[in-house]
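Remarks on the structure that follows.
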Amino acid sequence: MWVAAGCGWRRREWGVSFLVVADDAARPGAVVVVAVSDQGAPGDRTVVDARELPALVAAREQDRPRWVWDDTDRWYPPLLAAGSRVERAYDLRLCHAILRRSATCDRSGLALAPAGLWDEARRQEHALPELTLFDDPASAATPTAGADGDGGGANLGGVLDDVARLDGKLDVVDELAAQLAAVAGSRAPGRLRLLLAAESTGALIAAEMHHDGMPWSVDVHDALLTRALGARPVHGGRPPRLDELAAQVRAALGNPSVNVDSPPELLRALRSAGLDVATTRTGELREQTHPVVAPLLAYKKLARLLSANGWSWMQAWVHEGRFRPQYVPGGVVTGRWATNGGGALQLPASVRAAVRADPGWKLVVADAAQLEPRVLAAMSGDAAMAAAGRHADLYQGVVDAGIVDTRAEAKYAMLGAIYGATTGPSAVLMPQLTRAFPRAVALVEDAARAGERGEVVSTWLGRSSPLPGAAWQEVVARAEGELARPDDVRAARGRRRDWGRFTRNFVVQGTAAEWALCWMAALRRRLLALDGRPHLIFFLHDEVMVHAPAAAADDVAAAIVAAAAEAGRLLFGDGPVDFALDVSVVDSYDQAS
DNA sequence: AAGTTCCGCGCC
DNA sequence: AGGGCGCGGAACTT
């Protein structure tokens, strides 16, 4: 029945009943809600008009079900708009992608089936129910019925045909059953359940953050742009400060006509002015001593600010004092999130002052200190590395343990190990690192070797890497053929090493992403218990931001810390690794440490 | 003219 | 010659 029991994914069991939500293929404009047991057996079935769904959700939510649907960003935004939030969900498409690829259930029916509609990225037209959900069902019925072949006059150029086809074939109850079976047959079902629950909760959070938005002061942003660039040009031209710098660049080059915005043109001008550069990159320019360098670097910096986060960005992305990025959970192969539009994950430090709490509210900003090294220590069970992580600053812990001399070296060495540096300052530190942290280094080295062999690697919770593509296989095969030439062998070695660096990083970056999802999910649950509706407004790989009433800010900070500890326990049990945070309560984002 | 690729830079 | 991204605009392709 509808009654749910248990405390959910923390027990590493579902512990709840599922409520599957889907379009009713037989009745356009209607939504069917099916109760499904933990084992995937369907039970009670209710059909409601789509417009009644928010009320139904609100009513059933008190039983704490896990809502199951094909795509969170198809179903949840209309519910949020109607004021209905849910605690738990299960996003079939995101979970399908994980399960299809996971090496821990690679013999499942789900994994062995040919690719189908669930493997396709959700198409834009598939989002149509956002319209029909609150529209007059009668008007939605006409074109969809037409798609069934009874020639329903006006339709929207095939778009609705597509929806009808999808609804007919995407049987969400069957898919849920297939996924539950895959998990049950997995070699690590508990970890997978945690991953799928965390991924799905992430999708809820992404939709909620989009709905709530980041408080964004266009006044602060405008003042900051004006101070840096000069007054906003009326019709699109260059702001005055940029114009001045461009003139200085041309003067320094003795070239009155060079277009500073054209890299090839600029490069030619730089070279004829005697600079020894192969590109116009900042790093290369910085090594030159020439009067053009200073104004050119200043120009590039400001031009970047203008084009990436200038007035047109503001106009496009900030509305009613809120910046609403479109997050894409699972958008990165490693499990990290991506974003669509607005560049939310690349918000430069120079504009963060524009993120300002509402009056009477605070921003609580927290980031996990040296997350990836800590995750590596936990995954590998490297006690010495965990001990270094006992220090709030893991890199300083590495110095204190006498492994390297400076914090900078510790950081270089650690990131070099995780990224696979083979040359330069970080590579030379590898022998020391290997002696000090043998298990941690062995874990990433093993992942790299597997990748070089073209094998799959997996994160702690069971997200697996893709196989290298056809081009990779071809290059590698050619080098092993009878007619292989030295060039072929070299090329193959390069491709193998490239893929090894990818898989090396995959296991750490992907597990860090899992920790971060669990952190955020645990935090979200704690925030629900606090007064004044503090809510997540930003997430950036290892950093979260909560918009909180001032009176709740300290409780929120405590919740963030507790959630980090909970995430560590969820993934790694009561292991020895601390996940240290930097937490600040501020009025604007630039004030966060 | 419109679509695609590449560069350079922003973030972790 | 360190991993993962997104974006704007120039450069290039059709």
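All chains are named by letter (A, B, ...) in the order of the sequence lines, taking the proteins before the strands, and each is independently numbered beginning at 1.
Within the model, atoms CZ of A:Arg356 and CD of A:Gln591 stand 6.5 Å from one another, a figure rounded to the nearest 0.5 Å. For the atom pair CG (A:Leu467) and CZ (A:Arg101), the distance works out to 8.0 Å, reported to the nearest 0.5 Å.
Within the nucleic acid shown, A:Asp261 comes within 4.0 Å of sugar-phosphate atoms alone, with no base atom in reach, counting heavy atoms only. Residue A:Asn309 is classed as having no contact, given no heavy-atom separation below 4.0 Å to the nucleic acid. Counting non-hydrogen atoms under 4.0 angstrom, A:Arg304 reaches a base of the nucleic acid. Within 4.0 Å (heavy atoms only), A:Leu347 reaches sugar-phosphate atoms of the nucleic acid but no base atom. Contact annotation for A:Thr280: backbone-only contact, meaning every heavy-atom pair under 4.0 Å involves sugar-phosphate atoms and none involves a base. The residue A:Arg497 sits apart from the nucleic acid: no heavy atom pair falls under 4.0 Å. A:Val333 comes within contact range of the sugar-phosphate backbone alone, with a heavy-atom separation under 4.0 Å but no base atom that close. Among the protein residues, A:Gly494 comes within range of no part of the nucleic acid, since none of its heavy atoms lies under 4.0 Å from any strand. Across all strands shown, A:Ala349 has heavy atoms under 4.0 Å from sugar-phosphate atoms exclusively, and none from any base.
As rounded to whole Å, 8 Å separates atom P of B:dC9 from atom CZ of A:Arg281. Rounded to whole angstrom, the span from the CH2 atom of A:Trp311 across to the P atom of C:dG8 amounts to 17 Å. When rounded to the nearest whole Å, the span between CZ of A:Arg286 and C1' of B:dC9 equals 12 Å. If you take CG of A:Leu267 and C1' of B:dC6, they are 15 Å apart, rounded to a whole angstrom. Residue A:Lys301 contributes atom NZ, which lies 9 Å from atom C1' of B:dG10 at whole-angstrom precision. Nucleotide B:dC9 holds its C1' atom 15 Å from the CG atom of A:Leu345, rounded to whole Å. Atom CG in A:Leu302 sits roughly 19 Å away from atom P in B:dG8 (whole-Å rounding). When the C1' atom of B:dC7 is taken as reference, atom CG of A:Leu285 falls 14 Å away, rounded to whole Å.
Residue-to-nucleotide contacts include no donor-acceptor pair under 3.5 Å from the side chain of A:Arg336 to the base of C:dC5. Interface remark: the A:Ser307 side chain does not form any donor-acceptor pair with the C:dG9 base, using a distance-only criterion of under 3.5 Å.
Taking only side-chain atoms of A:Ser262, from C-beta outward, the nucleotide of B:dC12, B:dG10, C:dA10 with the closest atom is C:dA10. Of the candidate nucleotides C:dA11, C:dG2, B:dC12, C:dG2 has the atom lying nearest to any side-chain atom of A:Thr423. Relative to the side chain of A:Asn505, the nucleotides B:dG10, B:dC12, C:dG3 differ in distance, and C:dG3 lies closest. Comparing B:dC11, C:dG3, B:dC12 against the side chain of A:Asp542 picks out B:dC12 as the nearest.
The aromatic ring of A:Tyr419 is stacked on the base of C:dG3, with the two ring centres less than 5.5 Å apart and the planes inclined by under 30°.
Aromatic ring centres of A:Trp460 and A:Phe572 lie closer together than 6.0 Å. In summary, the aromatic rings of A:Trp313 and A:Phe323 are positioned with their centroids under 6.0 Å apart.
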| request: Let me see the working for A:Asp219 and A:Ser217 under side chain to side chain donor-acceptor pair (under 3.5 Å), right down to the final yes or no. | output: CA-CA 5 Å; A:Asp219 291 343; A:Ser217 166; 5.2 Å; no
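Checked for salt-bridge contact, A:Asp261 and A:Arg238 meet the test: a charged N lies under 4.0 Å from a carboxylate O.
Counting only residues at least two apart or on different chains, the side-chain hydrogen bond (donor to acceptor under 3.5 Å, both in side chains) pairs with a member in residues 320-330 of chain A are A:Arg322-A:Asp358.
OP1 and OP2 of C:dG2 both lie 4.0 Å or more from every side-chain N or O belonging to A:Arg501. Residue A:Lys300 places none of its side-chain N or O atoms closer than 4.0 Å to OP1 or OP2 of B:dG8.
Comparing A:Val332 and A:Pro264, the nucleotide of DNA chain C nearest to each residue sits closer to the 5' end for A:Val332.
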